[in-house]
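Structure first, then comments.
Counting convention: from 1, in listed order, for ligands and their atoms alike.
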Amino acid sequence: MTRTGSETNIKQNSIPEMALKGKFITLEGGEGCGKSTLLPRLAARLRAAGRKVLTTREPGGTDIGEQIRQVLQHRRQSVAMVSETELLLYCASRAQLIHEVILPALERGEIVLGDRFYDSTTVYQGVGRQLDLREVARIIKFAVDDCVPDLTVVIDLDPRVGLQRVRGRELFDRMDNQSLEFYERVRRGYLDLAKREPRRVKVVDGGRSVEDVERDVWGFVERVL
Ligand code: TMP
């Protein structure tokens, strides 16, 4: 990842002009797309190839971030949560994660594998919740500055299939209760993102066996290493 100096004031350990040695790769997709199954498999493969790997998940991944995760997932508290609050909480958790975890690992030359990053906010809060996309982009930029993944792979899946997978699980959080229409928007949001940023954002068909999906994702990962 290349990082340039910036005027934003949120970074105590901001890194001035420098090229970070590591690589930052993120997995994205709708509910039940399989990214959380893929992530450890990719990490194991990278480690077997001799790379140091750090995995992150969003929201969470730091002490403060895990507390924010609780707030976001707590059903009773969250019933009346407005979309603007939700947007800010995801971004707050991410800002913390970047400075505590992601940037230091990239500086050490590690590969950071992220289970979701700011594209989730663009798609879920911007496209899904239908917040003003320019405002969402502005708030994301404030939180992440120029911490942009080298590669983002979207695991694309029909939300009806994904939701069926998720509903078989015991843990079922607030976001899983959204309407099918919401998840159709999320899916379109990811596909549009890949059209807008084809160099960074790649799409793989998540409706196949985990081995097939992994093979395609690995192909993209190899190209950025
Ligand atoms: P996951 O643990 O299955 O990835 O679920 C996290 C949930 O949080 C999922 O429904 C997507 C949602 N989410 C957002 O709405 N915005 C975000 O910025 C992030 C990171 C997650």
Side-chain angles (χ1 to χ4, degrees), residues 24-40 42-43 55-62 64-75 77-79 81-98 100-102 112-133 135-144 147-149 152-157 159-190 193 201 206 217:
F24 184 22
I25 297 166
T26 58
L27 292 185
E28 294 278 355
E31 262 36 35
C33 70
K35 63 182 171 41
S36 307
T37 306
L38 274 170
L39 200 103
L42 290 174
T55 60
T56 63
R57 74 161 180 180
E58 288 219 8
T62 63
I64 289 172
E66 290 298 326
Q67 290 185 52
I68 295 172
R69 186 181 180 93
Q70 295 285 313
V71 176
L72 279 161
Q73 293 187 335
H74 195 288
R75 283 194 204 192
Q77 266 179 4
S78 304
V79 168
M81 187 182 289
V82 297
S83 301
E84 288 79 359
T85 307
E86 189 180 83
L87 166 70
L88 292 166
L89 286 173
Y90 280 117
C91 287
S93 167
R94 183 167 308 124
Q96 198 67 31
L97 185 69
I98 289 170
E100 259 188 50
V101 178
I102 296 175
V112 178
L113 275 185
D115 187 340
R116 298 196 182 281
F117 197 55
Y118 66 72
D119 296 307
S120 285
T121 306
T122 304
V123 167
Y124 278 80
Q125 279 63 56
V127 184
R129 299 271 191 234
Q130 299 177 300
L131 290 175
D132 183 314
L133 288 174
E135 288 300 312
V136 171
R138 205 166 57 84
I139 289 161
I140 289 174
K141 171 76 179 154
F142 177 71
V144 310
C147 184
V148 177
T152 296
V153 184
V154 172
I155 316 294
D156 178 55
L157 185 64
R160 278 166 298 199
V161 177
L163 288 171
Q164 216 155 24
R165 287 185 188 168
V166 169
R167 286 184 177 143
R169 288 184 207 152
E170 243 179 75
L171 265 179
F172 192 86
D173 76 24
R174 195 173 47 85
M175 295 298 288
D176 299 328
N177 282 315
Q178 295 301 312
S179 67
L180 183 60
E181 248 171 62
F182 175 90
Y183 290 109
E184 298 278 13
R185 283 202 296 280
V186 165
R187 183 186 198 186
R188 276 199 306 277
Y190 276 125
L193 206 65
V201 184
V217 177

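Below 4.0 Å from some heavy atom of R69 lie the following atoms of ligand 1, by number and element: 2 (O). Below 4.0 Å from some heavy atom of K35 lie the following atoms of ligand 1, by number and element: 4 (O). Residue T121 has at least one heavy-atom neighbour below 4.0 Å for each of these atoms of ligand 1: 17 (C), 18 (O).
Using a 4.0 angstrom heavy-atom cutoff, E86 does not count as in contact with ligand 1.
Within the 3.5 Å criterion, the main-chain N or O of P59 finds no donor-acceptor partner in the side chain of S93. At least one donor-acceptor pair under 3.5 Å links the side chain of E66 to the backbone N or O of G61. R116 places no side-chain N or O within donor-acceptor distance of the main-chain N or O of E28, the cut-off being under 3.5 Å.
Looking at ligand 1, you'll find an N or O of Q125 within less than 3.5 Å of one of its N or O atoms. Residue E31 places at least one N or O, backbone or side chain, under 3.5 Å from an N or O of ligand 1. Note: an N/O pair closer than 3.5 Å links Y90 and ligand 1 by distance alone.
Considering R57, R116, E28, R94 only, the shortest heavy-atom separation from atom 6 (C) of ligand 1 involves R116.
Taking each heavy atom of V123 and V186 in turn, the nearest pair found is CG1-O, 3.2 Å.
A salt bridge between E184 and R187 is absent, with no side-chain N of the basic residue lying under 4.0 Å from a carboxylate O of the acidic one.
Both the sub-6.0 Å distance and the 45° axial angle are satisfied by R94 relative to the ring of F117.
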